[in-house]
Chemist: 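Here it is, the structure in full.
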Amino acid sequence: MKTVRHQTVHQLAFLPRLFPVNAYFVEEEDGLTLIDAALPYSSKGIMEAAKIIGKPITRIVLTHAHGDHVGALDALREALPYVPVYLSARDARLLDGDLSLDEGEPSTPIRGDIPKKVKTRPDVLLRDGDRIGSLTAIAAPGHTPGSMAFLDARSRALVVGDAFQVRGGFAVSGQMRILFPFPAMATWNADAALESARKLAALKPSLIAAGHGRMIQQPAAVLERAIRQAEFRQGGKSHVAANRS
Ligand SMILES: [Zn+2]
């Protein structure tokens, strides 16, 4: 595991070469908010990293319910039984094995590794705009229907889960990057992801901290380029669909 810090955000990168997966600590005065729980074996590294920083883990926040973001959740719950777990109400249903779609949601299938064996359930069901310490929860559907990003009000650092990928080439969720195709393969709806990408870029983040790949400082230009690429592809697709109908 490798750790990198930008201001209040600490990145914990697991398996950086084969299948890099990140978890994050957002540092508060009195403790650490863990964002995402990486892979099943990651709990030890997460606990050790907190010890090195010297603050207790006081909250566990999940960006979405895919296996590589909730992997160590049960082990962490065992080690930290009183630490509350936060997840969007929408993605909490995925943990229960409910892959049904709501009325009004695009009818593409929910994809990716939805873990069947995770026992821990969220204590707090998040809605758009909820505050968690210095963080604001921002609904960012697309990768999964209940995906969320978290904006640090102090620095405008934005932890995005898989709403964007960095590894294999920066991209909006759902846009294939052949060098690291997994996030795109696991994305529910690329049009919704593009809309969320525009919403996240409009927050003018100072830092993008994604689930796969390094952190990006001052990401405005990178975000704009990735959104333009996705608009070109998705726009082309809806044009084709319109011609067919
Ligand atoms: Zn994912």
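One-based numbering, in listed order, for ligands and for the atoms of each.
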Chemist: Output every pair passing side chain to side chain donor-acceptor pair (under 3.5 Å) with a member in residues 148-160, not counting sequence neighbours, ordered by first then second residue.
Modeler: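 Found Thr8-Asp152, Ser134-Arg154, Asp152-Arg154.
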
Chemist: Is the shortest distance from a Lys or Arg side-chain nitrogen in Lys55 or Glu29 to a carboxylate oxygen in the other one below 4.0 Å?
Modeler: no

Chemist: List the residues meeting side-chain hydrogen bond (donor to acceptor under 3.5 Å, both in side chains) with Ser147, not counting sequence neighbours, and say none if there are none.
Modeler: Thr144

Chemist: Are there any protein N/O/S atoms under 2.8 Å from the Zn ion (ligand 1), and if so, which?
Modeler: His64 NE2, His66 ND1, His143 NE2, Asp162 OD2

Chemist: Filter on salt bridge (charged side-chain N to carboxylate O under 4.0 Å, His left out), then keep only pairs touching residues 61-79, sequence neighbours left out; what's left?
Modeler: Arg77-Asp123

Chemist: Where do Ala37 and Leu73 come nearest, in terms of heavy atoms and distance?
Modeler: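 Shortest heavy-atom contact: CB-N, 3.8 Å.
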
Chemist: For a quick test of reading the model, state the closest non-hydrogen atom pair linking Ser100 to Ile110 and the distance between them.
Modeler: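 Closest approach of Ser100 to Ile110, heavy atoms only: O-CD1, 4.4 Å.
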
